[in-house]
Amino acid sequence: MSSSGLHALAVRNNANSKMLRRKIRLTFNNAQSLEARTVHVSTTELTLMSPYRLRKGFLCKVEFDMLLNGKLQKITAVSETQESVCAGMEGFRIDMKFINLNEQSRQHLQDLMNYGK
């Protein structure tokens, strides 16, 4: 298995990540945006499905809402593309690392990781 495959497997099998299926908006420096959907999320990274491939090292702002304690919580972060793998007709599975995550978003994600423990 390639190192990217091992990384993706580690993200999805990490006890500190949760499956999360939400729409996500990626906004780029040129103000263009892209809608995708999340697959897995943790306090340090996320995996998403996109109709387009993003090259490794690409920076963008990510924004998505998640339901936590009966309320929609907004998560906003600057993220960097780690891996982008074609997943057939579904598009591209992209692993992204949070580079700049505000404290409120970090706390919401930590609360999600602790949910059900």
Side-chain angles (χ1 to χ4, degrees):
M1 183 177 288
S2 71
S3 63
S4 64
L6 289 174
H7 172 72
L9 189 62
V11 169
R12 286 185 283 285
N13 289 329
N14 186 339
N16 294 322
S17 73
K18 297 275 187 178
M19 188 182 316
L20 184 69
R21 304 281 199 256
R22 303 293 299 172
K23 287 185 180 177
I24 185 169
R25 177 175 297 280
L26 290 74
T27 306
F28 308 103
N29 285 338
N30 60 5
Q32 288 185 321
S33 64
L34 167 68
E35 283 200 10
R37 67 182 196 282
T38 61
V39 178
H40 288 88
V41 67
S42 75
T43 57
T44 58
E45 58 193 352
L46 66 93
T47 301
L48 59 90
M49 291 299 297
S50 167
Y52 302 102
R53 181 181 180 274
L54 299 178
R55 70 181 183 275
K56 187 173 181 170
F58 204 77
L59 295 175
C60 64
K61 178 181 178 182
V62 297
E63 300 173 281
F64 62 96
D65 294 326
M66 65 179 200
L67 192 60
L68 185 65
N69 299 322
K71 297 179 186 173
L72 273 179
Q73 306 294 346
K74 185 171 187 149
I75 306 299
T76 303
V78 174
S79 298
E80 179 181 24
T81 304
Q82 300 298 300
E83 300 292 336
S84 183
V85 177
C86 182
M89 298 299 289
E90 294 182 53
F92 294 88
R93 182 180 301 271
I94 301 172
D95 294 330
M96 302 199 73
K97 179 180 175 184
F98 295 130
I99 301 299
N100 185 357
L101 180 66
N102 67 45
E103 189 54 41
Q104 186 175 25
S105 292
R106 184 178 310 281
Q107 186 59 54
H108 291 321
L109 289 170
Q110 187 61 56
D111 291 345
L112 177 67
M113 298 305 110
N114 293 331
Y115 182 79
K117 286 187 175 180

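Excluded from the calculations below are hydrogen atoms, water molecules and symmetry mates; all remaining heavy atoms, backbone and side chain alike, are included.
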* To do: Dump the intermediate steps for side chain to side chain contact (heavy atoms under 4.5 Å, CB included) on Arg37 and Lys23, then the final yes or no.
  => CA-CA 4 Å; Arg37 67 182 196 282; Lys23 287 185 180 177; 5.5 Å; no
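- Between Gln73 atom CD and Met66 atom CE the span is 6.5 Å, to the nearest 0.5 Å.
- Under the 4.5 Å side-chain criterion, counting only non-hydrogen atoms from C-beta, Glu83 is in contact with Lys56.
- In summary, of the residues considered (Leu26, Asn29, Thr81, Ile94), a side-chain contact (heavy atoms from CB on, under 4.5 Å) with Phe58 occurs for Thr81 alone.
- Between Met96 and Cys60 there is a side-chain heavy-atom pair separated by less than 4.5 Å.
- For the atom pair CG of Asp111 and CZ of Arg106, the computed distance is 13.0 Å after rounding to the nearest 0.5 Å.
- Here OG of Ser17 is found 9.5 Å from CG of Leu112. Values are rounded to the nearest 0.5 Å.
- Leu46 is listed as a side-chain neighbour of Phe64, based on a closest heavy-atom distance under 4.5 Å.
- Nearest heavy atom pair, residue Met49 against residue Ala87, reads CE-CB, 3.7 Å.
- Pairing each heavy atom of Ser42 with each of Asn16, the nearest pair is CB-O, 3.2 Å.
- A heavy-atom distance below 4.5 Å is not found between the side chains of Ser50 and Ile24.
- Taking all atoms of both residues into account, the shortest heavy-atom contact from Thr38 to Leu20 is OG1-O, 2.6 Å.
- Arg22 places a side-chain N or O within 3.5 Å of a backbone atom of Asp65 that can act as its donor or acceptor partner.
- Proximity of a side-chain donor or acceptor of Arg25 to a complementary backbone N or O of Glu35 within less than 3.5 Å is not detected.
- Phe28 and Leu48 fall within the same hydrophobic cluster, where Ile, Leu, Val, Met, Phe, Trp and Tyr residues are linked whenever their side-chain heavy atoms come under 4.5 Å apart, directly or through other members.
- Screening Thr43, Thr44, Ile75, Val62 against Leu101 for a side-chain contact (heavy atoms from CB on, under 4.5 Å) leaves a single residue, Ile75.
- For CG of Asn114, the number of neighbouring non-hydrogen atoms (other residues, nucleotides, ligands) closer than 6.0 Å is greater than 12.
- Applying the ring pair (Phe, Tyr, Trp, His ring centres under 6.0 Å) test to pairs two or more places apart or on separate chains, none has a residue in residues 77-117.
- Here the straight-line distance linking atom CZ of Arg93 with atom CG of Asp95 works out to 8.0 Å at 0.5 Å rounding.
- The two residues Ser105 and Lys74 make their nearest non-hydrogen contact at OG-O, 3.7 Å.
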